[in-house]
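See below for the structure under consideration.
Remember, it's 1-based here, ligands and their atoms both numbered in the order they're listed. As the structure is a computational prediction, the values presented were derived from the model and not from experiment.
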Amino acid sequence: MAKPISLNICHLYPDLMDTYGDKGNIIDLVKRCQWRGINVKITNISVGDSLSDFSAKGGPALGWDFYFFGGGQDRQQIIVGRDLQSKANYLKKAIENGCVLLSICGGYQLLQKYFKTLDGKIIKGIGLFNAYTIGSHDRMIQNLWIDLEENLVKEIKEIYPTIDNGQLTTNLIGFENHSGKTYLDQAVQPLGKVIIGTGNNGEDQTEGAIYKNAFGCYLHGSLLPKNPHFADFLISKALERRYGKVKLEPLDDSIEWQAHQAAIDRTRP
Ligand code: GLN
């Protein structure tokens with residue numbers, strides 16, 4: 001790569017929303033970029049921080065390329081859900097402008113229209129995803145294995161530079177632990193179809209949601225170290241907005257694919 005390139009990551013509420021190794025996704029993104037000579041800058045944003053003020057004072061000149069929002073329990077979701085309302089416009093504009101966002105479980109729920117807890121409290125979301133979540137008596141806890149949505153598979157195959165894992169790049173493996181059941185409005189594209197596990201609600205075999213370059217899912221784990229094809233897809237999409245299509249150099253992902261397979265082998269039908 002001739003010109004030095006950089007990826008600016010905004011980590012939303014890392015102090016409150018970080019369950020089952022979600023932060024490992026950030027480490028993964030940093031490492032995969034650094035190994036390729038791509039600079040990474042991470043900004044932690046939490047309660048009381050204004051996204052727009054931050055960009056004005058010393059934040060990345062063109063705003064963030066990539067937003068990450070991990071999971072948390074109902075108690076944290078109440079605090080974060082309230083604060084997120086003040087950030088909603090900025091965040092939605094960023095997604096309209098082609099930025100990438102990955103959200104997991106509690107973060108995914110807060111980006112929907114609302115989350116109704118088991119005791120009937122409504123935690124208002126920001127409606128980035130046309131979906132809602134209802135707390136249930138079931139705890140959905142297991143390895144979750146999904147087939148990725150068809151168009152995404154096509155894109156990933158074009159982007160992911162390692163060629164000898166064609167078969168594996170069609171799926172994702174992670175670990176779900178939630179009691180909320182998510183229902184997507186009809187027009188919403190799920191991230192994929194459940195092979196083993198519960199996913200959004202255990203009823204319609206959908207898992208996650210996609211809106212433009214924003215992705216929501218129930219895949220903790222951490223997700224990206226075990227799914228290098230998805231990590232590279234997200235990196236590539238996030239760079240595209242400022243640099244156009246960037247050809248990522250291949251990395252030796254043999255250990256990552258072993259981890260991927262080991263997690264699949266542990267799924268329970
Ligand atoms: N409170 C949510 C649920 O149980 C989110 C949990 C999580 O982020 N792991 O549905």
Side-chain angles (χ1 to χ4, degrees), residues 11-28 44-47 67-85 87 91 101-146 172-184 188 190-192 194 196-209 214-227 230 263 266-268:
H11 191 171
L12 292 162
Y13 308 99
D15 49 342
L16 292 161
M17 304 292 282
D18 176 42
T19 318
Y20 312 114
D22 287 339
K23 225 174 255 164
N25 292 311
I26 298 279
I27 298 170
D28 186 78
N44 293 334
I45 289 287
S46 194
V47 173
Y67 293 81
F68 178 74
F69 196 2
Q73 300 309 314
D74 295 10
R75 202 172 61 84
Q76 286 89 353
Q77 284 182 284
I78 292 172
I79 302 165
V80 171
R82 211 176 292 135
D83 184 79
L84 192 63
Q85 299 306 318
K87 299 176 170 57
L91 212 48
L101 179 147
L102 174 64
S103 59
I104 321 264
C105 204
Y108 167 42
Q109 293 172 349
L110 291 177
L111 296 175
Q112 300 165 19
K113 291 187 280 193
Y114 63 87
F115 166 38
K116 185 175 180 189
T117 65
L118 193 55
D119 55 10
K121 259 193 233 72
I122 300 276
I123 305 176
K124 195 167 166 255
I126 66 166
L128 179 70
F129 298 117
N130 264 326
Y132 60 93
T133 296
I134 308 284
S136 79
H137 285 284
D138 307 324
R139 178 134 296 270
M140 294 155 272
I141 175 165
Q142 63 221 308
N143 278 341
L144 170 59
W145 184 23
I146 67 161
L172 291 180
I173 181 79
F175 174 75
E176 63 179 330
N177 184 356
H178 54 114
S179 56
K181 295 188 175 180
T182 295
Y183 298 90
L184 307 180
V188 179
L191 179 63
V194 174
I196 293 181
T198 306
N200 278 334
N201 52 52
E203 295 159 29
D204 59 17
Q205 280 193 289
T206 66
E207 157 59 4
F215 302 88
C217 65
Y218 278 109
L219 298 154
H220 289 287
S222 321
L223 172 67
L224 298 182
K226 289 198 292 287
N227 296 279
F230 195 52
R266 282 196 209 124
T267 51
R268 295 183 258 109

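- Residue H178 places no N or O, backbone or side chain, under 3.5 Å from any N or O of ligand 1.
- Close approach to G106 involves these atoms of ligand 1, each under 4.0 Å from a residue heavy atom: 5 (C), 7 (C), 8 (O).
- Ion pairing between a basic and an acidic side chain is recognised when a charged N comes within 4.0 Å of a carboxylate O; K181 and D138 show such pairing.
- Contacts of I104 with ligand 1, taken as heavy-atom pairs under 4.0 Å, are absent altogether.
- For H220, a nitrogen or oxygen atom sits less than 3.5 Å from a nitrogen or oxygen atom of ligand 1, counting backbone and side chain alike.
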Output, in order, the C-alpha distance, side-chain angles, deciding distance and verdict of side-chain contact (heavy atoms from CB on, under 4.5 Å) for F129 and Y108. CA-CA 9 Å; F129 298 117; Y108 167 42; 4.0 Å; yes

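- For atom 5 (C) of ligand 1, the nearest protein heavy atom (residue, atom name, distance) is G72 O, 3.2 Å.
- The part of R139 lying near ligand 1 is the side chain, judged by heavy-atom distances below 4.0 Å.
- Shortest contact from atom 10 (O) of ligand 1 to any protein heavy atom: G180 N, 2.8 Å.
- Among protein heavy atoms, atom 7 (C) of ligand 1 sits closest to C105 SG, 2.9 Å.
- In this structure, the protein non-hydrogen atom closest to atom 3 (C) of ligand 1 is S179 N, 3.5 Å.
- The N/O atoms of Q77, backbone and side chain alike, include one that comes under 3.5 Å of an N/O atom in ligand 1.
- In this structure, atom 1 (N) of ligand 1 lies nearest to the protein heavy atom D74 OD1, 2.7 Å.
- Heavy-atom contacts of N177 reach the following atoms of ligand 1: 6 (C), 7 (C), 9 (N) (cutoff under 4.0 Å).
- Contact annotation: the side chain of I45 approaches that of K87 to within less than 4.5 Å [non-hydrogen atoms, C-beta and beyond].
- Between N25 and the options D18, L219, L224, a side chain to side chain contact (heavy atoms under 4.5 Å, CB included) holds for only L224.
- Of the protein's non-hydrogen atoms, Q109 OE1, 3.3 Å is the one closest to atom 2 (C) of ligand 1.
- Counted by atom type alone, Q142 and T198 present one or more donor-acceptor pairs between their side chains at under 3.5 Å.
- Side chains of Y218 and Q109: a donor-acceptor N/O pair is present below 3.5 angstrom, by distance only.
- A side chain to side chain contact (heavy atoms under 4.5 Å, CB included) with I104 holds for exactly one of H220, E176, M17; it is H220.
- Listed for the H178 side chain is a donor-acceptor partner under 3.5 Å among the backbone atoms of G180.
- The shortest N or O to N or O distance between G71 and ligand 1 is not below 3.5 Å.
- Heavy-atom contacts from other residues, nucleotides or ligands closer than 6.0 Å to CZ of R139 number more than 12.
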